[in-house]
Amino acid sequence: MVLDSLAKSLRDALRRINKSALVDDRLVDEIVKEMQRALLMADVDVALTLDITNSVEKRAKEEPVPKNSNPRNHLIRIIYEELLRILGKPREFHVKPATLMLVGLYGQGKTTSAGKLAKFYAKHGYKVVLIAADTQRLGAYEQLEQVAGSVGASFFGIYGEKDSRRVVKEGLEKFRDWDVKIIDTSGRNAIDSSLTKEIADINDIAKPDEVVLILDASIGQAAGKQAKAFNEAVKITGVYITKLDGTAKGGGALSAVASTGAPILFIGTGEHMEDMEYFNPARFLSRLLGMGDFETLMAAAKEFQKELDENAVEKMAQGKFTLKEMYDVWDQMSKPGLFKKLFDSMPMAAGGMKKEMDEQFLDESEGKLRKYKVIMDSMTYYEMENPEEIKGQRVERIARGSGYNTSDVKELLRDYKRVKDMVKNLKGNRKILSMMKKQFKNGNVPEDLSNLPQ
Ligand SMILES: Nc1nc2c(ncn2[C@@H]2O[C@H](COP(=O)(O)OP(=O)(O)OP(=O)(O)O)[C@@H](O)[C@H]2O)c(=O)[nH]1
Ligand SMILES: [Mg+2]
């Protein structure tokens, strides 16, 4: 588990809030003190820690509790929102054909992460080549070749060649038709002029879509300084923080990098090739706090409130329901039961819709949902947004990437269409629409945190 002890302290604090009969200043003070201790132990910067915890204290003592919440949930929400601030903003990342250059100092995890990224892209059905541009370290060629073999990616290197520029030029030329090219560059002990020059040259030759800085989480706060220095030397487009599984200082690394404004794109959570995750601050925090569905419920509550204002219940009924919406719901609600819970909390039972939903969709076996998620993971952003374009070759590529058959992909598309039609049918049902609106207006949105798994 990532950031074990920070997670444990924060979870204990939330549990305590949930159990307390009364939210008073004394409880807030104790919780704030516990948060301070936990964040500092995780190597989060002192000033940042104080900023966050002071803000929690002030808001908890001064902000009125919204009428659709209660003091306990309100305090938890404040803690969640303040902690989220230290993780930075997510960067949209689209899985599509691309050239990636990985940079970083010695031993940060560049070569391992190159393999993980190759596997990630291959899972999406793309043809990937790993290019060995680390011409400095002995054995770098063999290591990358071995990694490429283990993830089923192609490999290019020139054995014994010292000029990384030549390797990159020839590699890109030879593997021109490959979808994804990942360049593993050489490290140094520190950022020096030879490293910046080498990276700048490779950058000119390869014109990569992404320049990803690889940083070892165990350096804690120092990751922020490194991110800044690299960003000044070469423009980085994202950061990959490795070894979050094996350090107590991960909180420091994440928060320090986020505070430089460099987006954290991925995290490495183990030595195996599948131990990598796309980094989404809100999702990461919900999981850390042991509330897989916390963010979703919050987001849903907020979203519905907003939609109400914009009259978007009708908008949704008019059709913005792509695979992306469907995926987000599934992805965030790891348990299908929660999906059902959300729908149950809507007053749809009145129409035949809920029954139909149950039959068609919600009560499907977990296996099917899991299968659909894997298939959707193999789709590109464009495909998720435009499901009607998924046919022919695309179906085949997605099937190949996910390890399922084309018939499974088609089945998913059929089910998606059914749900979409159901949502669309809402449009015609004025009675249900007006009931939904009234319900939302009453603030009757799912925000009951007391039932969440502890
Ligand atoms: N636990 C854990 N170990 C990791 C992770 N990422 C990389 N490692 C390990 O870190 C060590 C160094 O990784 P490399 O990928 O060789 O690092 P590098 O940056 O390519 O190193 P140089 O080529 O020497 O500059 C290896 O033992 C990896 O197994 C991770 O996310 N978790
Ligand atoms: Mg390496």
Side-chain angles (χ1 to χ4, degrees), residues 1-5 7 42 100-120 128-151 153 155-162 164 167-168 171 181-192 194-196 198-199 202 210-220 222-223 226-227 229-230 233-234 236 238-254 257 264-279 284 287-288:
M1 161 80 198
V2 168
L3 303 183
D4 281 331
S5 71
L100 291 83
M101 170 162 83
L102 310 192
V103 301
L105 300 181
Y106 280 139
Q108 302 284 306
K110 291 180 294 298
T111 306
T112 310
S113 305
K116 290 178 179 180
L117 283 164
K119 181 157 189 174
F120 171 78
V128 186
V129 61
L130 285 167
I131 299 177
D134 180 356
T135 50
Q136 303 250 332
R137 189 168 63 75
L138 220 61
Y141 177 103
E142 289 91 340
Q143 189 195 353
L144 191 69
E145 186 176 35
Q146 194 262 327
V147 163
S150 77
V151 297
F155 167 80
F156 180 81
I158 306 175
Y159 195 75
E161 174 60 64
K162 283 283 161 223
S164 56
V167 176
V168 172
K181 296 121 184 160
I182 301 174
I183 305 170
D184 181 28
T185 64
S186 48
R188 297 289 191 280
N189 274 322
I191 303 180
D192 58 22
S194 82
L195 178 66
T196 21
E198 185 172 347
I199 294 174
I202 296 178
E210 299 282 352
V211 180
V212 182
L213 173 63
I214 313 292
L215 285 174
D216 180 340
S218 65
I219 62 174
Q226 256 191 55
F230 265 96
V234 283
I236 56 178
V239 180
Y240 188 138
I241 297 192
T242 64
K243 310 185 204 181
L244 260 180
D245 51 307
T247 172
K249 290 187 169 183
L254 291 171
V257 170
I264 301 169
L265 271 185
F266 303 103
I267 53 175
T269 55
E271 290 188 70
H272 300 293
M273 287 297 137
E274 53 283 352
D275 297 336
M276 145 176 161
E277 289 171 25
Y278 174 67
F279 183 75
F284 180 81
R287 249 177 37 212
L288 190 74

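Ligands are counted one by one from 1 in listed order, and the atoms in each one are counted from 1 as well. Computed from a predicted structure; not experimentally measured.
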Quick one: nearest non-hydrogen protein atom to atom 32 (N) of ligand 1, plus distance? D245 OD1, 2.9 Å
I need the nearest protein heavy-atom contact for atom 17 (O) of ligand 1: residue, atom name and distance, please. G109 N, 3.0 Å
Considering the heavy atoms of R137, write down every atom of ligand 1 situated less than 4.0 Å from one of them. 22 (P), 23 (O), 24 (O)
Just which atoms of ligand 1 are under 4.0 Å from any heavy atom in Y106? 25 (O)
Over all heavy atoms of both residues, which pair between G251 and L3 is shortest? Give the atoms and the distance, please. N-CD2, 3.5 Å
Calculate, to the nearest 0.5 Å, the distance between atoms CG and CG belonging to L130 and L117 respectively. 9.0 Å
Tell me if a side-chain donor or acceptor on T247 pairs with a main-chain N or O of L244 at a distance below 3.5 Å. no
Would you call G107 a ligand 1 contact, heavy-atom distance under 4.0 Å? yes
What I want to check is whether the side chains of T269 and D275 have a donor and an acceptor closer together than 3.5 Å. no
For atom 3 (N) of ligand 1, what is the nearest protein heavy atom, given as residue, atom name and distance? E271 CG, 3.3 Å
Quick one: does G270 get within less than 4.0 Å of ligand 1, heavy atoms only? yes
Evaluate D184 for polar contact with ligand 1, using N/O atom pairs at a separation under 3.5 Å. no
Identify the closest protein heavy atom to atom 25 (O) of ligand 1: which residue and atom is it, and at what distance? K110 NZ, 2.9 Å
So which heavy atom in the protein is nearest atom 14 (P) of ligand 1, and how far is it from that ligand atom? T112 OG1, 3.5 Å
Please determine, by modelled atom types, if T112 and E271 share a side-chain donor-acceptor pair under 3.5 angstrom. no
Consider only side-chain N and O atoms of E198 and S164, and report whether a donor and an acceptor are under 3.5 Å apart. yes
Just need the protein heavy atom nearest to atom 8 (N) of ligand 1, so name the residue and atom and give the distance. K243 CE, 3.8 Å
Considering the heavy atoms of G268, write down every atom of ligand 1 situated less than 4.0 Å from one of them. 31 (O)
For the pair D4 (side chain) and A7 (backbone), establish whether a donor and an acceptor sit closer than 3.5 Å, ignoring hydrogens and angles. no
Checking heavy atoms under 4.0 Å, the part of Q143 that sits near ligand 1 is side chain
Does I214 come within less than 4.0 Å of ligand 1, judged by its heavy atoms? no
Under 4.0 Å between heavy atoms, the region of K116 that gets near ligand 1 turns out to be side chain
Could you go through the ring-ring contact (aromatic ring centres under 6.0 Å, His included) check for Y159 and Y141 one step at a time? CA-CA 7 Å; Y159 195 75; Y141 177 103; 5.0 Å; yes
Sub-4.0 Å heavy-atom approach of D275 to ligand 1: no
Without swapping roles, check the side chain of K162 against the backbone of T135 for a donor-acceptor pair under 3.5 Å. yes
Pull out every atom of ligand 1 sitting under 4.0 Å from any heavy atom of D134, numbered as shown with elements. 23 (O)
side-chain hydrogen bond (donor to acceptor under 3.5 Å, both in side chains) with D216: of K249, Q108, Q226, K243, only one passes, and it is K243
Does T112 bring an N, O or S atom to within less than 2.8 Å of the Mg ion (ligand 2)? no
Which of the atoms in ligand 1, numbered in the order shown and given with their element, are less than 4.0 Å from a heavy-atom of T269? 31 (O)
Would I236 and V212 satisfy side-chain contact (heavy atoms from CB on, under 4.5 Å), going step by step from the backbone distance to the final call? CA-CA 6 Å; I236 56 178; V212 182; over 6 Å; no
Minimum heavy-atom distance between L144 and A114, given as atom pair plus value: CD1-CB, 4.3 Å
Touching ligand 1 at all, M276? Heavy atoms, strictly under 4.0 Å? no
